Amino acid sequence: MNKFTFISVDNPDAAIAELDEHDSPKFIAGGTNLLDLMKENVERPDHLIDITHLAFNTIENNADGGLRLGALVTNADTAWNVEVEKRYPLLSQAILAGASPQLRNMATNGGNLMQRTRCYYFYDTATPCNKREPGSGCSAIGGYNRILAILGTSEHCIATHPSDMCVALAALGAIVNITGKNGERSIPFADFHRLPGDRPELDNTLEAGDIVTSIDLPAEDFTTHYKYLKVRDRASYAFALVSVAAALKIENGKILEARLALGGVAHKPWRSLEVENMLAGSAVGKEVFQKAADAILEGAKGYGDNTFKIELAKRAIVRALTEAAGLEEQA
Ligand SMILES: Cc1cc2nc3c(=O)[nH]c(=O)nc-3n(C[C@H](O)[C@H](O)[C@H](O)COP(=O)(O)OP(=O)(O)OC[C@H]3O[C@@H](n4cnc5c(N)ncnc54)[C@H](O)[C@@H]3O)c2cc1C
Ligand code: SF4
């Protein structure tokens, strides 16, 4: 690990001002991802700005009937918050499927959005990796790629975004609120994370020095028919091979509205409005769920070790929708 200085700040302006004083400064929140990356020499900040004392640490009702999650609220406090459990149970389920209780006690909501890929080569500084070192090549294409992406990949990178929480936030149509050098702005969740294209070093659309302040959940009612299904190598403490956030509004056996997002398959949570629209208006049943699964995976591409994910994702979608619809009991 390289040497670095450390400061705690108590307001966003002070945090942003610190950025200009150093060559490679970095914000730190729970530290559960950043410190690991620093120990592996993947991240080499010369200055850490502790943002955990900023006032983005509450969960509050929004005037439009939605809920605002502070970026510095821990994943544990978010998942167990009474309003989140009652109004956004899909989100609670997704957060609790991630990491371990100890990690969720430290990890923050902002940090969860910003966590970096778990691609083995990204962590191994002895190997080429376009995300870690732009232009050096991608060791995963043609290498061992079991956990990597099958949708939205590029010839430069096939990494996945590892978050569980973000898959539910994508399905729920969250909004990310930011403050930065140029003031405040909001980004729809679908536009927050990027596909790799020819700039795989960029995970998201934040500008240098931007701080995530909160995440807004719209006032939707997906409290009856929902399921976060995570398929992984171990029953706990493992990242998703494939995950599915499914939510439905159903009346008299007919789907009025559907939400469907996938994790573990792309550089960002993968949501298809087209497939959601296809589900809306259909009678609830496995046949239409299978059609949705086939449609969402239509452009999927395997790279050898990870090709099994295409069929796995289809089966996971059918199972998640089936359980969300109440056709089978939730596992
Ligand atoms: C062993 C292990 C298993 C895990 N398993 C899972 C899992 O199954 N599912 C899952 O979803 N996650 C998993 N995680 C990841 C964990 O959820 C993340 O490490 C955590 O959410 C990151 O939050 P943090 O507050 O600790 O971020 P930090 O490590 O402090 O920061 C991470 C990055 O975000 C930036 N950052 C933090 N907050 C902000 C902000 N408000 N604005 C702008 N930038 C910010 C930092 O500069 C840094 O670059 C696991 C982690 C570990 C170590
Ligand atoms: S998939 Fe992306 S993160 Fe992994 S080695 Fe290739 S460029 Fe690096």
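One-based numbering, in listed order, for ligands and for the atoms of each. Bear in mind that the values here come from a model prediction, so they are computed numbers and not experimental data.
The protein heavy atom nearest to atom 39 (C) of ligand 1 is I51 CD1, 3.8 Å. For atom 21 (O) of ligand 1, the nearest non-hydrogen atom of the protein is N112 CA, 3.2 Å. The closest protein non-hydrogen atom to atom 15 (C) of ligand 1 is Q115 OE1, 3.2 Å. With respect to atom 27 (O) of ligand 1, the closest heavy atom belonging to the protein is G111 CA, 3.5 Å. The protein non-hydrogen atom at the shortest distance from atom 2 (C) of ligand 1 is L103 CD1, 3.4 Å. Protein heavy atom closest to atom 46 (C) of ligand 1, with residue, atom name and distance, is F27 O, 3.1 Å. F239 CE2, 3.2 Å is the protein heavy atom nearest to atom 13 (C) of ligand 1. Closest to atom 11 (O) of ligand 1 among all protein heavy atoms lies D164 N, 2.9 Å.
Counting only N and O atoms by type, the side chains of N109 and T78 include a donor and acceptor under 3.5 Å apart. One side chain, Q290 or D294, offers a donor N or O that lies under 3.5 Å from an acceptor on the other. For T58 and E60, the side-chain atoms include at least one donor-acceptor pair closer than 3.5 Å. With 3.5 Å as the limit, one finds no donor-acceptor pair spanning the side chains of E21 and H47. For the 3.5 Å distance criterion, the side chains of N177 and T213 fail to qualify, holding no donor opposite an acceptor. Side-chain contact, N112 with Q115: a donor N or O sits under 3.5 Å from an acceptor N or O. Remark: the N41 side chain and the N2 side chain contain no N/O donor-acceptor pair separated by less than 3.5 Å.
Taking every heavy atom of N33 and a limit of under 4.0 angstrom, the matching atoms of ligand 1 come to 19 (O), 29 (O). In the vicinity of D210, heavy-atom distances shorter than 4.0 Å reach the ligand 1 atoms 43 (C). Residue-ligand proximity, L34 to ligand 1, at heavy-atom distances under 4.0 Å covers atoms 29 (O). For ligand 1, the atoms sitting less than 4.0 Å from at least one non-hydrogen atom of D36 are 53 (C), numbered in the order shown with element in parentheses. Every atom of ligand 1 with a heavy atom of A29 under 4.0 Å away is listed here by number and element: 25 (O), 30 (O), 37 (C), 38 (N). Close approach to N75 involves these atoms of ligand 1, each under 4.0 Å from a residue heavy atom: 21 (O).
Summarising the contacts of atom 7 (C) of ligand 1 with G263, A99, A94, P25, the nearest heavy atom is found in A99. Across the listed options V212, T52, I95, T32, T32 owns the non-hydrogen atom lying nearest to atom 22 (C) of ligand 1. Across the listed options M114, R116, M106, R104, M114 owns the non-hydrogen atom lying nearest to atom 44 (N) of ligand 1. The nearest non-hydrogen atom to atom 8 (O) of ligand 1, considering only R232, H161, K230, K26, comes from K230.
The residues lining ligand 2, counting any heavy atom closer than 4.0 Å, are C119, Y121, F122, C129, N130, K131, C138, S139, A140, H156, C157, I158, A159.
Looking at Y237 against ligand 1, only its side chain comes within 4.0 Å, counting heavy atoms. In Q102, neither the side chain nor the backbone holds a heavy atom less than 4.0 Å from any atom of ligand 1. With a 4.0 Å cut-off on non-hydrogen atoms, S100 does not touch ligand 1 at all. Proximity of M38 to ligand 1, defined as any heavy-atom pair under 4.0 Å, is not found for any part of the residue.
Considering backbone and side-chain N/O atoms, G98 never comes within less than 3.5 Å of an N/O atom of ligand 1. The shortest N or O to N or O distance between R118 and ligand 1 is not under 3.5 Å. Taking any N or O of G30, backbone or side chain, at least one lies under 3.5 Å from an N or O belonging to ligand 1.
Using a 4.0 angstrom heavy-atom cutoff, A240 does not count as in contact with ligand 1. Using a 4.0 angstrom heavy-atom cutoff, E43 does not count as in contact with ligand 1.
Under the 4.5 Å side-chain contact rule for hydrophobic residues, I310 and F289 share a cluster. Residues V73 and V84 are members of one and the same hydrophobic cluster, defined by side-chain heavy-atom contacts under 4.5 angstrom among Ile, Leu, Val, Met, Phe, Trp and Tyr. L151 and I141 fall within the same hydrophobic cluster, defined by Ile, Leu, Val, Met, Phe, Trp and Tyr side-chain heavy atoms under 4.5 Å apart, directly or through other members. Using a 4.5 Å cut-off between side-chain heavy atoms of Ile, Leu, Val, Met, Phe, Trp and Tyr, with links allowed through other members, M114 and L91 fall into the same hydrophobic cluster. Linking ILVMFWY residues whenever their side-chain heavy atoms come closer than 4.5 Å, directly or via other members, leaves F222 and L260 in distinct clusters.
Residue R104 forms a side chain to side chain contact (heavy atoms under 4.5 Å, CB included) with just one option from I95, T74, T32, and that option is I95.
Using a distance-only test at 3.5 Å, with no hydrogens or angles considered, no donor-acceptor pair links the side chain of T153 to the main chain of I150. In this structure, T160 contributes its side chain and P162 its backbone to no donor-acceptor pair below 3.5 Å. Although no hydrogens or angles enter the test, the distance criterion places no donor-acceptor pair under 3.5 Å between the side chain of Y228 and the main chain of L96. For the pair N62 (side chain) and D64 (backbone), a donor-acceptor distance under 3.5 Å is absent.
Ring centroids of H193 and H161 are separated by less than 6.0 Å, placing the two rings close together.
For E155, the CD atom sits in a loose shell: 12 or fewer heavy atoms of surrounding residues, nucleotides or ligands are nearer than 6.0 Å.
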